Amino acid sequence: MSADIIDGKAFAADVRARVGDHVARLKSEHGLTPGLAVVLVGEDPASQVYVRNKGKQTVEAGMHSVEHKLEADTSEADLLKLIDDLNNDPAIHGILVQLPLPDHLNEDLVINSIAPEKDVDGFHISNVGLLGTGQKSMVPCTPLGCLMLLRDRHGSLSGLNAVVVGRSNIVGKPMANLLLRDSCTVTIAHSRTKDIEELCRRADILVAAVGRPQMITGDWVKPGATVIDVGINRIPAPERGEGKMRLVGDVDFDSAKEVAGALTPVPGGVGPMTIACLLANTLTACCRSNGLPEPEGLTA
Ligand code: NAP
């Protein structure tokens, strides 16, 4: 058996197009333009690439995009002042502070200073609590993207056995909460989990968010299961030339695809969904703050 390959790139393009249509309608019918502000502190090369892509895709969706690039030694007070200004700026509906922040800045303090209704990353403690108690919240982008792919594949997720490998605040825990909300039976595995292979083999839905290249091999996968690979790992690729690298997931694609029913590739699976969901969250935030109905199928 060879798994269906879930085309996250195409799905994300569709999400962005749907967001773009809603944005055009908001403009023509209500004179509103959703606005996203991205704040980058320091010069981490990977973060710079992410921020550039976010800005580009925001503009392509017809939204207002603002980038604030601050020096690596920016003080906490100055960063908090900027966030306060953005919280009070009516043209901005979403605020994203690119993580990780330099060590001298308190990440929790900074994230919790964002107005919860503008917290399009869904990391504010209020949004975490709302999601955990099954209430309307801003949902973290990567797990939201995974949920969209799963709903598209399965329709209803009710009663399915889901195993999430990884318990981070940005992926594993919100993913587990979303799956629970969709009535899966959810188990979270992590570095101390015993018999993890056996546990994974019972999963109808297996989500890998570990950060260990190709850790989950085909013999961990239940035949026919849907496998969502969140991992993005760079490994040496000498076959491409000296010093070359390539991206792989947390799942060993070649062996898993012989067993799974459906599988996301890396790259081209979950990755593109993350920015698409950031745009969707900005649109949702704009609709909510203006008392307008939320776009269907773009929130959890
Ligand atoms: P993280 O904060 O490092 O968390 C990793 C989790 O994996 C932890 O809960 C850890 O357990 C668990 N783990 C580590 N080794 C394990 C092992 N041998 N067996 C079982 N569990 C193990 O990572 P993250 O931020 O969630 O990211 C996970 C992966 O997703 C990374 O590759 C990251 O690059 C990728 N990612 C992708 C996107 C995207 O847009 N596609 C977005 C975010 C992250 P403990 O808690 O016990 O240490």
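In each ligand, atom 1 is the first atom listed, and ligand 1 is the first ligand listed. Just so we're clear, the structure is a prediction, and the values are computed from it rather than from any experiment.
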Please tabulate, one pair per line, all N/O donor-acceptor pairs under 3.5 Å involving side-chain atoms of residues 23-38, not counting sequence neighbours.
residue, atom, partner, partner atom, Å
Lys27, NZ, Gly62, O, 2.8
Ser28, OG, Ala24, O, 3.3
Ser28, OG, Arg25, O, 3.4

Where do [X] and [Y] come nearest, in terms of heavy atoms and distance?
X	Y	result
Leu157	Leu147	CD1-CD1, 4.0 Å
Thr185	Gly159	OG1-O, 4.5 Å
Val15	Met273	CG2-CE, 4.3 Å

| task | May I ask which of Val210, Val266, Ile216 has a heavy atom nearer to atom 3 (O) of ligand 1 than the others do? | result |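 Residue with the shortest heavy-atom distance to the ligand atom: Val210.
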| task | Between Arg234, Lys173, Arg167, His190, flag the one that comes closest to atom 8 (C) of ligand 1 by a heavy atom. | result |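 It is Arg167 that holds the nearest heavy atom.
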| task | Examine the proximity of ligand 1 to Thr142 and report which part, side chain or backbone, both or neither, has a heavy atom under 4.0 Å away. | result |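 The side chain, only.
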| query | Counting only heavy atoms, which portion of Ile196 has something under 4.0 Å from ligand 1: side chain, backbone, both, or neither? | reply |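 Under 4.0 Å from ligand 1, Ile196 contributes side-chain atoms alone.
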| query | Does the salt bridge (charged side-chain N to carboxylate O under 4.0 Å, His left out) test come out yes or no for Asp4 and Arg153, once each step is laid out? | reply | CA-CA 10 Å; Asp4 294 337; Arg153 171 83 191 168; 2.8 Å; yes
Minimum-distance protein heavy atom relative to [atom]:
atom	answer
atom 47 (O) of ligand 1	Ser191 OG, 2.5 Å
atom 29 (C) of ligand 1	Gly211 N, 3.6 Å
atom 26 (O) of ligand 1	Ser168 OG, 2.5 Å
atom 30 (O) of ligand 1	Val230 O, 3.5 Å
atom 33 (C) of ligand 1	Ile232 N, 4.2 Å

When the side chains of residues 253-263 are checked against the rest of the protein, which donor-acceptor pairs come out under 3.5 Å, sequence neighbours left out?
residue, atom, partner, partner atom, Å
Ser255, OG, Gly218, N, 2.9
Ser255, OG, Asp252, O, 3.4
Ser255, OG, Asp252, OD2, 2.5

Which ligand 1 atoms are under 4.0 Å away from a heavy-atom of [X]?
X	answer
Val270	41 (N)
Val171	26 (O), 43 (C), 44 (C)
Met215	17 (C), 18 (N), 19 (N)
Gly166	6 (C), 7 (O), 9 (O)
Gly271	41 (N)
Asn233	32 (O)
Gly231	29 (C), 30 (O), 32 (O), 35 (C)
Thr274	39 (C), 40 (O)

Does some non-hydrogen atom of [X] fall short of 4.0 Å from ligand 1?
X	result
Ala209	yes
Ile170	yes
Met273	no

Could you give the distance from [atom1] ([X]) to [atom2] ([Y]), rounded to the nearest 0.5 Å?
X	Y	atom1	atom2	answer
Arg167	Arg192	CZ	CZ	6.5 Å
Ile188	Thr193	CD1	OG1	9.5 Å
Asn87	Ser113	CG	OG	6.5 Å

| task | Take atom CD of Glu239 as the centre, draw a 6.0 Å sphere, and report whether it contains more than 12 heavy atoms from other residues, nucleotides or ligands. | result |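 Counting other residues, nucleotides and ligands, CD of Glu239 exceeds 12 neighbours.
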| Will you find, in the side chains of Asp119 and Asn127, an N or O donor that is under 3.5 Å from an N or O acceptor? |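 Looking only at side-chain atoms, Asn127 and Asp119 do form a donor-acceptor pair, the distance falling under 3.5 Å.
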| query | Does one side chain, of Thr274 or Thr142, offer a donor that lies under 3.5 Å from an acceptor on the other? | reply |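 The criterion, which ignores hydrogens and geometry beyond distance, is satisfied for Thr142 and Thr274.
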| said: Does Gln98 form a side chain to side chain donor-acceptor pair (under 3.5 Å) with Lys54? I'd like the steps, not just the answer. | reply: CA-CA 11 Å; Gln98 185 66 45; Lys54 284 169 186 169; 2.7 Å; yes
| Can you find an N or O of Arg212 that's nearer than 3.5 Å to an N or O of ligand 1? |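 Arg212 vs ligand 1: N/O contact under 3.5 Å present.
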